[in-house]
Chemist: 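I'd like to ask some things about the structure below.
Just so you know, these numbers come straight off a predicted model, no measurement behind them.
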Amino acid sequence: MAHSVLDRNAALARSNTRPRDRIRRLVWKIAIATLLLMAVGSATRVMNAGLACPDWPLCYGQLVPTEQMNLQVFLEWFHRLDAAAIGLSAIALTALSWWDRRSLPGWLPWASTLALGAIVFQGLLGGLTVTELLRFDIVTAHLATALIFFTIVLIIGAVLLPYEATGTVGKLPWVGLTSSIFVYLQSLLGGLVGSQWALHQCFGYQQLCSVMNAHLAGVVPPTLTTATLVVLAWRTPALHGTLRRLAKFSGVLLLLQIGLGIATFYLHLQVEPLTVAHQATGATLLGTLVVFTVLALRDRAATLASTP
């Protein structure tokens with residue numbers, strides 16, 4: 001009798017973890033696809049391919065414009081293809097979350113729905129970037145929404161990760177949160193520089209220098225907070241190994257991002273792969289800080305819950 005009860009409990013536990021594991025795997029695939037989407041979107045902009053497909057949502061009225069296909073058309077077409085795949089994945093995530101809601105945390109279906117709403121809005125902005133001929137405010141809003149969607153997906157994935165608290169995080173969650181906010185804002189400033197071609201305008205015509213200078217000055221807050229995070233994580237004893245690795249990776253990404261930024265500045269955005277790498281590294285840094293912050297907050301919450 002005792003064995004049968006234990007067997008039933010074990011089977012129930014396994015059945016409850018299957019939907020969670022399935023959704024966690026899907027979430028991380030969506031996150032990777034979103035990072036790729038932003039990198040391709042950056043390449044589309046720097047290669048002047050934003051209007052390579054003159055219509056939307058099709059391209060030259062076709063699903064695959066084989067006759068018009070060249071590098072610029074391919075970039076814009078593939079950007080839309082990746083966005084469509086992410087949209088379908090977000091629909092699947094939402095459907096699975098609601099279908100298996102009794103075996104999942106209560107917040108997950110609502111978070112999935114929020115992510116779906118963000119990617120739908122992102123798609124609408126993507127269409128407007130074409131119909132409004134790459135208006136800079138719409139292009140920047142397009143990037144801002146992509147980063148928000150990316151953040152939501154990473155939060156879901158980080159909360160679903162297996163994690164055991166060590167109780168040593170201290171103030172690291174708040175440092176990580178502050179750094180994430182600063183990196184997000186700096187990414188938007190970078191988006192404004194790119195969507196208005198502010199670097200070219202400033203060097204060539206002495207226009208929009210204030211936008212470019214704001215982005216240059218904006219480097220300071222995320223740099224200081226991320227460097228503080230790395231130092232605090234290094235000096236914190238018994239810190240969870242995942243948090244320590246994420247902090248180190250953040251430091252590496254920060255140095256790489258600064259180096260790429262300097263290179264793109266002095267080369268006046270003339271080397272397209274450097275510009276794309278600069279923006280992709282910024283998004284990766286943001287994602288790393290978001291995951292670090294969520295895990296650190298989980299650590300803190302678990303510690304407070306166990307404190308009598």
Chemist: In this structure, would V159 and Y163 fall into the same cluster of hydrophobic residues linked by side-chain contacts under 4.5 Å?
Modeler: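 Yes; Y163 is reachable from V159 via cluster members.
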
Chemist: Please tabulate, for the side chains in residues 247-254, all donor-acceptor contacts under 3.5 angstrom to protein atoms that are two or more places apart in sequence or on a different chain.
Modeler:
from, atom 1, to, atom 2, distance (Å)
S250, OG, L246, O, 2.9

Chemist: So, the side chain of T293 versus the backbone of G176: is there a donor-acceptor pair under 3.5 Å, distance only?
Modeler: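 It does hold such a pair.
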
Chemist: Is the backbone of M47 close enough, under 3.5 Å, to the side chain of Q72 for a donor and an acceptor to pair up by distance?
Modeler: yes

Chemist: Among I148, V153, I155, which residue meets the side chain to side chain contact (heavy atoms under 4.5 Å, CB included) test with T151?
Modeler: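 Filter result, single survivor: I155.
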
Chemist: Any side-chain heavy-atom pair from Q62 and Q68 closer than 4.5 angstrom?
Modeler: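 Contact flag for Q62/Q68 side chains = yes.
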
Chemist: Quick one: does any side-chain atom of T129 pair with a main-chain N or O of G126 as donor and acceptor, under 3.5 Å?
Modeler: yes

Chemist: Test your reading of the model: is there a side-chain donor-acceptor pair from R300 to the backbone of P173, 3.5 Å cut-off?
Modeler: no

Chemist: Are any non-hydrogen side-chain atoms of R235 and V230 less than 4.5 angstrom apart?
Modeler: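 With C-beta onward as the side chain, the pair stays apart.
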
Chemist: Between the main-chain N or O of Q279 and the side-chain N or O of S42, is there a donor-acceptor pair closer than 3.5 Å?
Modeler: no

Chemist: Which one of R25, R24, R18 satisfies the side-chain hydrogen bond (donor to acceptor under 3.5 Å, both in side chains) criterion with D21?
Modeler: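 That would be R24; it is the only one of R25, R24, R18 passing the side-chain hydrogen bond (donor to acceptor under 3.5 Å, both in side chains) with D21.
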
Chemist: Of all the heavy-atom pairs spanning T236 and R244, show the shortest one and how long it is.
Modeler: O-NH2, 2.9 Å

Chemist: What do you reckon, is CG of L63 surrounded by more than 12 foreign heavy atoms closer than 6.0 Å?
Modeler: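 At most 12 heavy atoms, drawn from other residues, nucleotides or ligands, come within 6.0 Å of this atom.
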
Chemist: How close do V294 and A158 get, counting heavy atoms only, and between which atoms?
Modeler: CG1-CB, 3.6 Å

Chemist: Any non-hydrogen side-chain atom of S97 less than 4.5 Å from a side-chain atom of L93?
Modeler: yes

Chemist: What closest approach, in Å, do P109 and G106 show between heavy atoms, and which atom pair accounts for it?
Modeler: CD-O, 3.4 Å

Chemist: If you round to the nearest 0.5 Å, how far is OG1 of T44 from CG of L75?
Modeler: 5.0 Å

Chemist: What distance do L267 atom CG and E272 atom CD have between them, rounded to the nearest 0.5 Å?
Modeler: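 If we round to the nearest 0.5 Å, L267:CG and E272:CD are 11.0 Å apart.
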
Chemist: What's the separation between atom CD in E132 and atom CD1 in I138, rounded to the nearest 0.5 Å?
Modeler: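 Interatomic distance, E132 CD to I138 CD1, rounded to 0.5 Å: 4.5 Å.
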
Chemist: So, for V183 and P222, which heavy atoms are closest and what is the spacing to 0.1 Å?
Modeler: CG2-CB, 3.7 Å

Chemist: Shortest non-hydrogen contact from I119 to A90?
Modeler: CG2-CB, 3.9 Å

Chemist: When rounded to the nearest 0.5 angstrom, what distance separates CG in L161 from OG1 in T242?
Modeler: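 Going from the CG atom of L161 to the OG1 atom of T242 covers 8.0 Å.
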
Chemist: Give a yes or no on whether L224 and V175 share a hydrophobic cluster (residues Ile, Leu, Val, Met, Phe, Trp, Tyr; joining criterion: side-chain heavy atoms under 4.5 Å apart).
Modeler: no

Chemist: Check whether Y184 and L297 end up in the same hydrophobic cluster, where Ile, Leu, Val, Met, Phe, Trp and Tyr are linked by side-chain heavy atoms less than 4.5 Å apart.
Modeler: yes

Chemist: Atom CG in L289, atom CG in L229: separation rounded to 0.5 Å?
Modeler: 6.5 Å

Chemist: Are L124 and L116 connected, step by step, through hydrophobic side chains (Ile, Leu, Val, Met, Phe, Trp, Tyr) whose heavy atoms are closer than 4.5 Å?
Modeler: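 They do not share one cluster, since no chain of ILVMFWY contacts under 4.5 Å joins L124 to L116.
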
Chemist: Just by distance, do the side chain of S195 and the backbone of L192 share a donor-acceptor pair under 3.5 Å?
Modeler: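 Confirmed, S195 side chain pairs with L192 backbone.
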
Chemist: Taking the six-membered ring for Trp, are F74 and F78 parallel (under 30°), tilted (30 to 60°) or perpendicular (over 60°)?
Modeler: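 Taking F78 first and then F74, their aromatic rings lie parallel (interplane angle under 30°).
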
Chemist: Do you reckon L133 sits in the same ILVMFWY cluster as F136, going by side-chain contacts under 4.5 Å, direct or chained?
Modeler: no

Chemist: Working to the nearest 0.5 Å, report the span between CG of L35 and CG of L154.
Modeler: 9.0 Å

Chemist: Please check: side-chain N/O of Q186 versus main-chain N/O of F182, any donor-acceptor pairing under 3.5 Å?
Modeler: no

Chemist: Tell me whether the count of non-hydrogen atoms from other residues, nucleotides or ligands lying under 6.0 Å of CZ in F121 goes above 12.
Modeler: no

Chemist: Indicate yes or no for a side-chain donor-acceptor contact from D100 to the backbone of S103 under 3.5 Å, with no hydrogens or angles considered.
Modeler: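 No, because the side chain of D100 does not come within donor-acceptor range (under 3.5 Å) of the backbone of S103.
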
Chemist: Does the pair W197 and L208 meet the rule for a side-chain contact (heavy atoms from CB on, under 4.5 Å), with working shown?
Modeler: CA-CA 9 Å; W197 298 96; L208 299 177; over 6 Å; no

Chemist: Are L295 and R298 packed together at the side-chain level, in the sense that at least one heavy-atom pair is separated by less than 4.5 angstrom?
Modeler: yes

Chemist: List the steps, then state whether side-chain contact (heavy atoms from CB on, under 4.5 Å) holds for E164 with D299.
Modeler: CA-CA 7 Å; E164 294 184 8; D299 198 306; over 6 Å; no

Chemist: Any heavy-atom pair between the side chains of W234 and L239 that's under 4.5 Å?
Modeler: no

Chemist: Restricting to non-hydrogen atoms, name the atom on A118 and the atom on I152 that form the minimum distance, rounded to 0.1 Å.
Modeler: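 Distance-wise, the nearest heavy atoms are CB-CD1, 4.4 Å.
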
Chemist: Might you work through the side-chain contact (heavy atoms from CB on, under 4.5 Å) test for V211 and Q201, ending with a clear yes or no?
Modeler: CA-CA 10 Å; V211 176; Q201 294 288 336; over 6 Å; no

Chemist: Aromatic contact between F265 and F203, with the criterion being ring centroids under 6.0 Å apart: yes or no?
Modeler: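 When the ring centroids of F265 and F203 are compared, they turn out to be within the sub-6.0 Å range.
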
Chemist: Do the non-hydrogen side-chain atoms of C202 and Q207 ever get within less than 4.5 Å of each other?
Modeler: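 No, their side chains stay 4.5 Å or more apart.
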
Chemist: Give a yes or no on this: more than 12 heavy atoms of other residues, nucleotides or ligands lie within 6.0 Å of atom CH2 of W98.
Modeler: yes

Chemist: Could you verify whether a donor N or O on one side chain and an acceptor N or O on the other, from T226 and S179, lie under 3.5 Å apart?
Modeler: yes

Chemist: With R101 as the cation and W110 as the aromatic partner, state whether NZ or CZ is under 6.0 Å from the six-membered ring centre and within 45° of the axis.
Modeler: no

Chemist: One pair to check against side-chain contact (heavy atoms from CB on, under 4.5 Å): R80 and C53. What are the steps and the verdict?
Modeler: CA-CA 10 Å; R80 296 184 187 185; C53 293; 3.4 Å; yes

Chemist: Can you tell me if T168 uses its side chain to pair, donor with acceptor, with the backbone of A238 under 3.5 Å?
Modeler: yes

Chemist: Within the 4.5 Å heavy-atom criterion, are S187 and L147 side-chain neighbours or not?
Modeler: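 A side-chain contact exists here, since the closest heavy-atom pair is under 4.5 Å.
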
Chemist: Could you tell me whether the side chain of D82 and the main chain of L37 form a donor-acceptor pair under 3.5 Å?
Modeler: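 Indeed, once roles are kept as given, a pair shorter than 3.5 Å links the two residues.
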
Chemist: Flag the pair Y60 / E67 as yes when at least one side-chain heavy-atom distance between them is below 4.5 Å, and no otherwise.
Modeler: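 Of all side-chain heavy-atom pairs linking E67 with Y60, none is under 4.5 Å.
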
